[in-house]
Amino acid sequence: MASITRALRPLSRTTPSLRSAARRPFPYRFAQSTAPTFSTTSLRQDPDLSHLTPTPISLLSETETFLHESVSKFAAEQIGPKVRDMDEAEAMDPTIVEQLFEQGLMGIELPEEYGGAGMNFTAAIVAIEELARVDPSVSVLVDVHNTLVNTAILKYGDAQARRTWLPKLTTGTVGSFCLSEPASGSDAFALQTKAEKTADGYKLNGSKMWITNAMESGIFIVFANLNPSQGYKGITAFIVEKDTPGFSIAKKEKKLGIRASSTCVLNFDDVVIPKSNLLGEEGQGYKYAISVLNEGRIGIAAQMTGLALGAWENAAR
């Protein structure tokens with residue numbers, strides 16, 4: 001199966017200001033499907049706004065336009081036929097996850113040196129919205145992985161962390177962002193998960209709730225307080241792998257919607273990690289969380305826009 005983002009790389013390296021370019025057929029190599037698609041309406045057509053200065057932010061570049069069309073086609077042909085089964089089973093089809101990696105949709109903003117597509121934030125948002133038109137469960141998996149996990153490690157990880165984790169996150173390992181806790185929902189920085197230094201690293205104890213992608217993930221960014229006497233200024237970010245002793249997925253939540261997306265409780269019982277699994281600097285976790293959540297919220301907005309658009313299109317059939 002051809003990779004969407006790999007095919008777009010040469011175009012993304014050219015002048016990024018081609019926002020008024022006419023839509024041209026994208027060299028997409030999926031076979032034409034005869035199965036009915038989820039959406040029965042044509043893709044939105046942008047008006048010619050090339051005469052405006054500066055170019056409106058709502059007008060997509062040529063690369064973003066082609067990505068929009070390609071992800072829409074991929075979602076309709078590959079994801080659409082499995083949506084109902086995944087929702088009823090309350091589980092993500094592993095084949096879909098594999099295809100997301102194959103298509104380069106799990107490393108949209110990451111540089112090519114780490115196996116990513118080297119595109120911009122708008123491209124990630126375009127992909128998230130188009131996936132949500134067909135299945136918001138798949139969309140939120142891609143959203144959290146790209147805008148929270150990948151972004152946190154790219155922005156705040158040192159060179160070793162980027163070399164260690166980012167290639168895994170672009171080639172087959174899903175990521176989770178673990179901040180919320182039973183007693184710190186609206187006040188996320190009142191978290192109770194504790195970290196303490198050891199001779200060779202850190203030890204984590206506590207629990208997390210409502211963690212998206214938990215069942216599919218192999219890499220977890222976990223926020224814990226390394227110095228509770230400092231309040232939120234003691235919050236520090238760590239990277240924990242799924243097979244680490246003491247780490248467990250305790251419960252999968254049953255939900256009313258977006259059911260194929262896993263949302264779980266996580267437990268940390270004397271989870272020992274090496275010093276190299278510290279993300280960024282000690283005591284800076286709250287700053288990292290605020291920063292990446294600002295991007296993540298835009299991703300969730302795109303997911304909801306795509307969901308609403310897909311619902312309207314299906315209602316209008």
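Looking at Arg133, its side chain never comes within 3.5 Å of a backbone N or O of Gly306 through a donor-acceptor pair. Proximity of a side-chain donor or acceptor of Arg259 to a complementary backbone N or O of Asp87 within less than 3.5 Å is detected. Remark: the backbone N or O of Ile273 is not paired with any side-chain donor or acceptor of Asn277 at under 3.5 angstrom. A donor-acceptor distance shorter than 3.5 angstrom exists from the side chain of Asn294 to the backbone of Ile290, with no hydrogens or angles considered. No donor-acceptor distance shorter than 3.5 angstrom exists from the side chain of Ser291 to the backbone of Lys287, with no hydrogens or angles considered. Of the possible donor and acceptor atoms, none in the side chain of Asn267 sits under 3.5 Å from a partner among the backbone N and O of Ser207. Checked by atom type and distance alone, the side chain of Thr171 pairs as donor or acceptor with a backbone atom of Pro167 at under 3.5 Å. Side-chain atoms of Thr193 never come within 3.5 Å of backbone atoms of Leu204 as a donor-acceptor pair (strictly under, hydrogens ignored). Without hydrogens or angle criteria, Asp143 side chain to Ser139 main chain gives no donor-acceptor distance under 3.5 Å. Using modelled atom types, no side-chain atom of His68 and backbone atom of Val126 make a donor-acceptor pair closer than 3.5 Å.
Between Phe177 and Phe223, the distance from one ring center to the other falls under 6.0 angstrom.
The CD1 atom of Ile219 sits 6.0 Å away from the CD1 atom of Ile153 when rounded to the nearest 0.5 Å. Taking OG1 from Thr173 and CG from Leu166, the interatomic distance works out to 11.5 Å, rounded to the nearest 0.5 Å. In this structure, CD in Glu109 is found 13.5 Å from OG1 in Thr170, a value given to the nearest 0.5 Å. In this structure, SG on Cys264 lies 15.0 Å from NZ on Lys208, to the nearest 0.5 angstrom. Here the OG-CG distance, from Ser61 to Asn120, works out to 6.5 Å after rounding to the nearest 0.5 Å.
Using a 4.0 Å cut-off between charged nitrogen and carboxylate oxygen, Glu77 and Lys73 count as a salt-bridge pair. Electrostatic pairing of Glu282 and Lys197 counts as a salt bridge here, judged by a charged N lying under 4.0 Å from a carboxylate O. Note on Glu253 versus Lys251: salt bridge recorded, some NZ/NE/NH1/NH2 to OD/OE distance being below 4.0 Å.
Checking Gln99, Met86, Gln303 one by one against Val138, the side-chain contact (heavy atoms from CB on, under 4.5 Å) holds for a single residue, Met86.
Other residues, nucleotides and ligands contribute over 12 non-hydrogen atoms within 6.0 Å of the NZ atom of Lys255. Environment of NZ in Lys82: crowded, with over 12 heavy atoms of neighbouring residues, nucleotides or ligands closer than 6.0 Å.
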Original post:
Checking side chain to side chain contact (heavy atoms under 4.5 Å, CB included) for the pair Leu169/Met106: CA distance, chi angles, key distance, verdict?
Top reply: CA-CA 7 Å; Leu169 289 165; Met106 301 298 271; over 6 Å; no
Original post:
Does the side chain to side chain contact (heavy atoms under 4.5 Å, CB included) test come out yes or no for Val271 and Asn205, once each step is laid out?
Top reply: CA-CA 7 Å; Val271 173; Asn205 281 282; over 6 Å; no
Subject >> side chain to side chain contact (heavy atoms under 4.5 Å, CB included) between Leu266 and Cys178, worked out >> reply: CA-CA 9 Å; Leu266 309 180; Cys178 310; 3.6 Å; yes
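Side-chain contact between Ser262 and Met92 is absent, with no heavy-atom pair separated by less than 4.5 Å.
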Output side-chain donor-acceptor pairs under 3.5 Å for residues 232-243, partner residues at least two apart or in another chain, one line each.
{"unit_1": "Thr236", "atom_1": "OG1", "unit_2": "Gly234", "atom_2": "O", "d": "3.2"}
{"unit_1": "Thr236", "atom_1": "OG1", "unit_2": "Gly283", "atom_2": "N", "d": "2.9"}
{"unit_1": "Lys242", "atom_1": "NZ", "unit_2": "Met215", "atom_2": "O", "d": "2.9"}

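Val292 is connected to Leu191 through a chain of hydrophobic side-chain contacts under 4.5 Å among Ile, Leu, Val, Met, Phe, Trp and Tyr, so both are in one cluster. Note: the hydrophobic cluster containing Leu179 also contains Ile300 (ILVMFWY, side chain heavy atoms under 4.5 Å, direct or indirect links). Transitive grouping of hydrophobic side chains (ILVMFWY, heavy atoms separated by less than 4.5 Å) brings Phe74 and Val174 into a common cluster. A chain of hydrophobic side-chain contacts below 4.5 Å, direct or via other Ile, Leu, Val, Met, Phe, Trp or Tyr residues, connects Val142 to Val83. Both Leu148 and Leu154 belong to a common hydrophobic cluster when Ile, Leu, Val, Met, Phe, Trp and Tyr are linked at side-chain heavy-atom distances under 4.5 angstrom.
The aromatic rings of Phe247 and Phe220 sit tilted, their planes meeting at an angle between 30° and 60°.
Ser229 and Asn227 are linked by a side-chain donor-acceptor pair at a separation below 3.5 angstrom, with hydrogens and angles left out of the test.
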